[in-house]
Structures are given as C-alpha cells and as structure tokens.
Amino acid sequence: MTRSLRARFAWAGLGMTAMVMLVLGLVLQGLFERHVEREAEVQLEVDLRVLGRVVATGEGVWTRLPPLPDPRFLEPYSGLYWQVRDARTGETWRSSSLGGFTLEMQAAAPAPGGLHRLILRGPEGGKMIALERPLGEAAGADLRAVVAVDRKVLRAANRAFLWEFLPVLGLLALALLAASLVQGVIALRPIADARRALGALRAGQRERLSGALPAELDGLAQDFDALLEGQRRASRIARERAADLAHGLRTPLALLGARARDLEGRGEAEAAGELRELAGAMESRIARELARAHIHGPARLGGRVALAPLARRIVDALARSPAGERLTWEVAVPEGLTLTGDEGDVLELLGSLLDNAGKWARSRVRVAAEPGLVLRVEDDGPGIAPQNRRAALTRGVRLDPSVSGTGLGLAIAQDVVAAYGGALELAASEWGGLCVRVTLPAGA
C-alpha cells in the first residue's frame, strides 16, 4: 500500500464514487422499471376500457371490430396485444399484432367489474404483463377481454432510459470524485500546518509546537513538546557532567605534569617524557570530548545567528594575541547572512578554523562566506599536502610538532559541521596556503 495520504484519499474517493454510482444506477434503474410497469398497467387498463366500449357498440359483429387507437395493435409481434373470448362458445377475437397466437386466459373469470393482473407467455415465448376483465353478456355472448404488453417493450424503455442517464451519472461521478479530492486536500491541510510549524521551530521562530496545530492534533503537539524538552534537559545535563568530569581531571593531570618535572629534575628524562606524553594525550582527549559535548547542533532548534558579527569578534580577539598581531585579518562575510543554530557552535567552528589558520599563516588570514551557507577560511601558510589532508582531520594529529597546539582545531570543526549535516573540505588557497571550505545544508 502506498505511503502517500493523498494517493490513499484519491483511491478511496475513486472506490467510493464507483460504489455509489453503481448502487445509484441500480436503484434508479429499479425505480424506473417499476415506474414503467405501473405506467404500462395504467395504459393497459385504459386500453381495456376502450376495448370494452368498442365491443359494447359492436352489436355482435365481432369480426368487424374497429382497431384500437394504438397502432402497435396492428403491427405483428409489436409487443402490445389484445384478445376477446366468448366463454360460452370459445370463439376468440384478437389483435393483428398476435398474428394468430391465442393468449391463455384463466379458467375462472374475474368477478363482474373485477380486474386480474396476469403474467402470460407471449407469441415469441417471452413473458408478458396482462390485465383481464369480463365485458359482461352482450347479444348472447359471455365475453372476457385481456390486454397484454411484452416485457421486451419495457426492457427497451429501461435501456433507453439508462443510456440517456449514463452521461448524467458520469458527470455526477466526476463531481463526487472532485468533492472527495477537495475533502482530502482540506483533511490534509493540518499536516501542512504541522510541517510549517516544525519549520518555524527549526528556524527558531517559535519555542514550542503547541498552539500551532488544530485541536485534533494538540495532543500530538504536547507530546512532541514534552519529548523536545526532555532532549534539551538531557543534553544540558550531559554537557554539565562532561564539564564536571573535565574539571575533575585537570587536577590529576596537573599533578602528572608536576611529577614529570620532578623526574626530569632527578635525571630521569625518559620516564618524564613518557609521563608528559601520557598527560598530553589525556588532556587532548578531554579537550576533544568536552568540545564535542558542548556542540548543540540543529536539534537545539535555536534562532538565527548572524555570521559577520561573530567572525569580527573572533578576529578582533585573535588579532590582539602576540601571534596574531603580525597578521593581516580580513572578514568578507555579508552582513545579512545568518545561520540557524546555536551561537556557541558557530563560535566553536569559526574559532577553531581561524585559530588554526593563525598558527600557520605567514602574513594574512581571510574568512569569507557566500549565500547558500558556504564558509571559507584561508591563509598563506605552507598548506597541507593532499596526501596528508585526511590525517589533519584526525583528532590529536599534529603534522608539525614544532607548532604549539593539541592538533584538535580541524577535528573539532569537523565535529561541529557533522552535527549540522554539513561537509568540511581541505584545499589549497589562492595564496598557496590552506583553504578550509565548509558547506552547510540549506535548512541551516
């Protein structure tokens, strides 16, 4: 079964329309058939009265009965017949349409003035609806008259009605199908409202989903808000615990550093180096995990963050450092460019990339951005060879040990970009250094 609700509404509407049209056609055909039979019986009764008047004025000369008004009585096997029989002598007179065929009449005559409704076999073997009435005694004769119509005449009328009514049924079916589709569109409108509300939630334009959906979906909105609040609370608790853990480990790491210096002072340089290397690895790991714990990502559903002011703030801070004073910093970010997310995440991303660029640059660093959320941080340093670029994104890897740092800058930036569903690429800048290109999804 298709997962599309619109397709389900369409198929359901088509099925219901077909069912309604079938039932309606059968009901109308049955009603029309009953109407035609009643009208036929009324006409037969009229023909009986006319036949009675003709016989009453015939003065016993039955072979010269004048024809009845309906010309079908003269056409052989037309489906409309009359017959008069003398119950005493068995002599029979019939319409020309019978072609010599004799209708079987009931053995018992109806009461004077009475009327019998009969189902008789016609000259062509089909069933007929017939009305029989005694005409009374005239000129020594006991006369009984019967007028009949073949059901094929009625069926022909039914078929003619059905063929004439089919276009009306078709138009009605199209109207019902269109109404069903419109009903489906109206019924699915709350889903579109929910999507817009979720989009506003992701864009930071609203804090909760409750109140944005119809009353029928209010329970779902409340459950979603409760789930979202639980995730926010769990994320906040996890970050707080990560910070507490990092703070608790800094003291043991400081003691390990002091112990390494004591060993080095006693001439045990090899043991001191191993201890210092171990402490450095632990510190790098703690720094990486702490940075990752503070990445909120799009799940936070924060507001719009202006990139240009943040970039200038980071550049101003780095330009005042001893290493940054010798560099030319350039910010080429459009003022109106924003990003949906957490401001701390954007600070972590830009700070890591710009700090890394500042360590390697010879004279200049540039941060630029383009519509479509493409960020570039470039420097004029030595760059990274293509075969080493994958390793540069691995945590704790330092391609040049002579440059201070933990080797976490690019790796942390990659974690932030991955949290937002983006991509981070390393390439050569136009100055021959490194260009870090960050592409974020359109929803960010």
Side-chain angles (χ1 to χ4, degrees), residues 276-277 280-292 294-295 297 307 310-312 314-333 339 345-370 372-441 444:
R276 190 176 290 112
E277 182 179 355
M282 293 176 63
E283 185 177 1
S284 297
R285 181 60 180 268
I286 291 172
R288 171 69 183 274
E289 296 303 324
L290 185 60
R292 293 179 64 181
H294 281 80
I295 297 174
L307 296 179
L310 286 183
R312 285 195 295 268
I314 298 171
V315 166
D316 290 343
L318 293 175
R320 288 194 295 268
S321 66
E325 289 179 348
R326 60 181 179 83
L327 302 176
T328 299
W329 299 84
E330 179 184 352
V331 178
V333 179
L339 167 69
D345 292 347
V346 182
L347 282 172
E348 188 72 42
L349 173 63
L350 292 177
S352 299
L353 295 179
L354 288 170
D355 180 64
N356 182 77
K359 291 177 182 177
W360 295 94
R362 295 188 178 95
S363 62
R364 61 190 305 181
V365 175
R366 177 170 62 197
V367 55
E370 303 171 3
L373 296 179
V374 177
L375 305 175
R376 295 194 317 276
V377 176
E378 304 172 272
D379 62 67
D380 61 350
I384 300 177
Q387 64 271 20
N388 294 330
R389 288 171 185 170
R390 180 181 296 272
L393 297 176
T394 305
R395 67 171 183 264
V397 174
R398 298 169 58 188
L399 299 180
D400 187 353
S402 64
V403 178
S404 63
T406 60
L408 294 174
L410 292 178
I412 291 176
Q414 187 182 37
D415 289 341
V416 176
V417 172
Y420 282 81
L424 185 147
E425 301 173 348
L426 303 182
S429 71
E430 62 177 282
W431 306 317
L434 179 66
C435 174
V436 181
R437 178 185 175 90
V438 174
T439 304
L440 295 175

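Numbering starts at 1 and runs along the sequence shown. These numbers were taken from a predicted model, which means no experiment stands behind them.
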Flag the pair Arg320 and Asp316 as a salt bridge only when some basic side-chain nitrogen lies within less than 4.0 angstrom of an acidic carboxylate oxygen. no
Determine whether Leu307 and Leu375 satisfy the following criterion, side-chain contact (heavy atoms from CB on, under 4.5 Å), listing intermediate values before the conclusion. CA-CA 10 Å; Leu307 296 179; Leu375 305 175; 3.8 Å; yes
Residues Val436, Leu426; criterion side-chain contact (heavy atoms from CB on, under 4.5 Å); working and verdict: CA-CA 5 Å; Val436 181; Leu426 303 182; 3.7 Å; yes
Show your working on side-chain contact (heavy atoms from CB on, under 4.5 Å) between Lys359 and Asp355 and close with a plain yes or no. CA-CA 6 Å; Lys359 291 177 182 177; Asp355 180 64; 3.2 Å; yes
Minimal heavy-atom distance between Glu378 and Trp431, with the atoms involved, is O-CZ3, 3.9 Å
Strictly distance-based, threshold 3.5 Å: is any side-chain N or O of Arg326 a donor or acceptor partner for the main-chain N or O of Arg362? yes
Electrostatic pair Arg366-Glu430, nearest N-O below 4.0 angstrom: yes
Backbone of Gly433 reached by a side-chain donor or acceptor of Trp360 within 3.5 Å: no
Taking Arg376 for the side chain and Cys435 for the main chain, is one N or O donor matched with an acceptor at less than 3.5 Å? no
Kindly determine whether Val365 and Leu318 satisfy side-chain contact (heavy atoms from CB on, under 4.5 Å), including the steps that lead there. CA-CA 11 Å; Val365 175; Leu318 293 175; over 6 Å; no
Minimum heavy-atom separation for Tyr420 and Asp345, please, with both atom names. OH-OD2, 2.8 Å
Is it true that a side-chain atom of Thr439 and a backbone atom of Ala423 form a donor plus acceptor pair closer than 3.5 Å? no
In short, Leu327 meets Arg364 closest at the heavy-atom pair CD2-N, 4.2 Å
Over all heavy atoms of both residues, which pair between Val331 and Ala311 is shortest? Give the atoms and the distance, please. CG1-CB, 4.0 Å
Result of checking Leu349, Asp379, Ile314 against Leu354 for side chain to side chain contact (heavy atoms under 4.5 Å, CB included): Ile314
Looking at every heavy atom in both Ala427 and Leu434, which two are closest together, and how far apart are they? O-CD1, 3.5 Å
Work out which heavy atom in Val367 is nearest to a heavy atom in Val333; give both atom names and the distance. O-CG2, 4.0 Å
